[in-house]
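Just so it is clear, the values below take in all heavy atoms, side chains as well, and ignore hydrogens, waters and symmetry mates.
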Protein chains: 2
Amino acid sequence: MARARRTTKEKLLDAAEKLFARKGYHGTSLRTITRAAGVDLALVNYHFGGKQPLFEAVLERRGALLNEERLRRLAAVRRAAAPAPASTEAVVGAFFDPILDFLEHADRGWHSYFSLLAEVNNSPEWGKRMMGKTFNATVKQFIEALMQSLPEAAPQDVYWGYNFLTGALTLSLAETGRLDVLSDGLCRSADVAALRARLGPFVAAGLRGLAGR
Amino acid sequence: MARARRTTKEKLLDAAEKLFARKGYHGTSLRTITRAAGVDLALVNYHFGGKQPLFEAVLERRGALLNEERLRRLAAVRRAAAPAPASTEAVVGAFFDPILDFLEHADRGWHSYFSLLAEVNNSPEWGKRMMGKTFNATVKQFIEALMQSLPEAAPQDVYWGYNFLTGALTLSLAETGRLDVLSDGLCRSADVAALRARLGPFVAAGLRGLAGR
DNA sequence: ACATATCTTCAACGAACGTTGAAAGATCTG
DNA sequence: CAGATCTTTCAACGTTCGTTGAAGATATGT
């Protein structure tokens, strides 16, 4: 309870985030959201102007924080390696670590947010427009850093590599519980430490394999 | 026009497949589907018993074909390598190639199907139950083959590796068009040959990197 | 050709949807 | 404290939703 009291806007964003993550945009009604938030139905339209603007506000809220943190870390690893380009491992670390840190140390809302992001990223309806609006500028800088770290790789290989990288990431964030079932409980989707130990090595090795293909 | 005439069931499955892929389960109404299929609204309940059974039938139809083809190829690469275990590259090839071949040589319906699969796989609502029902038995055989191809890897590494692998695959199948935007048209999401040339090397290298971590 | 089973049409049901406007309340400003 | 502005409540709007049952058409088997 750090904050004095949540505003109506925040209550709506929190409830919407959780429910959109669970059932998607069309599977969640404004009445379900406002009931969970404990506010009146009409307040969605007053504060956000409609259902879709609320959805976009949910994506934008933590997206901005994530972009900030990612760029901060990218600058740090570049500074540490200068004048040489940052290594592939360091760049993918700067891309993944903010997410993993938020999941491990910050409020539960990030879990819902990333789960929602996973679904949005894989959806033809939202994937291009919504992900692009929030993340393209940042992502392009990471792709550029990846190219510099892999000078022998063709640009197409890096673009495709980024596609694989973000696919591997988002499925891991989706919290489908599938991994738990497949491994008969040996692995747990929610085990952030286990994910952290493996995602970076997998992706870095994959990118190098692609570059030296 | 190979078939004499599509039955009502097939018309419904085809239309539902395309529309579910575009807007998801909740974003698609039965009226939209039946209008696209050119059949009466009530026929969904007559032939399938409701909206959800129709959705499951869509996933099941091509899923069964995909499982068959995957297992056929897995058996082939195992036979070719016997008595040694099949290589990691050969196993991931047996997993990916049926999809890539269907996309390149078979009817357009596979595009919609895989796009839908990408969304389902990343959704908390469907990811565990629906994917598991159709694919778990087959997937477990591939994971076992991967373990045999990487005897130095811990089982947890292979489970997580499979998770990354299928994440990279499904995002590539989602047809969000995001890759096209990010690369300013240099790469095209729909370019199956470009995907085929890169997905296998990326994933095999990633798995090896994970095993030797 | 007739009886039977299968398939299709049509009209309608109650429920839930996103959105709206007017009135009531709360908070801020001078 | 009074007036203006921001916020919340309430009731209702027109639409669309999934599902249903009875009637009609078509196909099947003898």
Next on the checklist: Would you say B:Thr8 places a side-chain N or O within less than 4.0 Å of OP1 or OP2 belonging to C:dT8?
Outcome noted: yes
Checklist entry - Does a side-chain heavy-atom distance below 4.5 Å link A:Val39 with A:Leu12? => result yes
Checklist entry - Between C:dG18 atom P and A:Leu19 atom CG, what is the distance in whole Å? => result 12 Å
Checklist entry - Phosphate oxygens OP1/OP2 of D:dT16: is one of them under 4.0 Å from a side-chain N or O of B:Ser29? => result no
Item to check | Value rounded to 0.5 Å, distance of CZ in B:Arg178 from CG in A:Asn122 | outcome: 11.0 Å
Checklist outcome for this item: Under a 4.0 Å heavy-atom cutoff, the residues of residues 40-51 of chain B touching DNA chain D are B:Leu41, B:Ala42, B:Asn45, B:Gly50, B:Lys51
Checklist outcome for this item: Taking five pairs at each terminus, the helix from C:dA1-D:dT30 to C:dC28-D:dG3 shows an axis bend, to 10°, of 20°
Item to check | Euclidean distance, atom CG of residue B:Leu54 to atom P of D:dC17 [Å, nearest integer] | outcome: 15 Å
Item to check | Protein-nucleotide distance (A:Arg31, atom CZ; D:dC13, atom P), rounded to Å | outcome: 14 Å
Item to check | salt bridge (charged side-chain N to carboxylate O under 4.0 Å, His left out) evaluation trace for A:Arg73 with A:Asp101 | outcome: CA-CA 12 Å; A:Arg73 305 222 190 181; A:Asp101 290 350; 2.7 Å; yes
Checklist outcome for this item: Separation of D:dT7 atom C1' from A:Arg6 atom CZ, nearest Å, is 18 Å
Next on the checklist: Return the CG to CG distance between A:Leu150 and A:Asp157, rounded to the nearest 0.5 Å.
Outcome noted: 9.5 Å
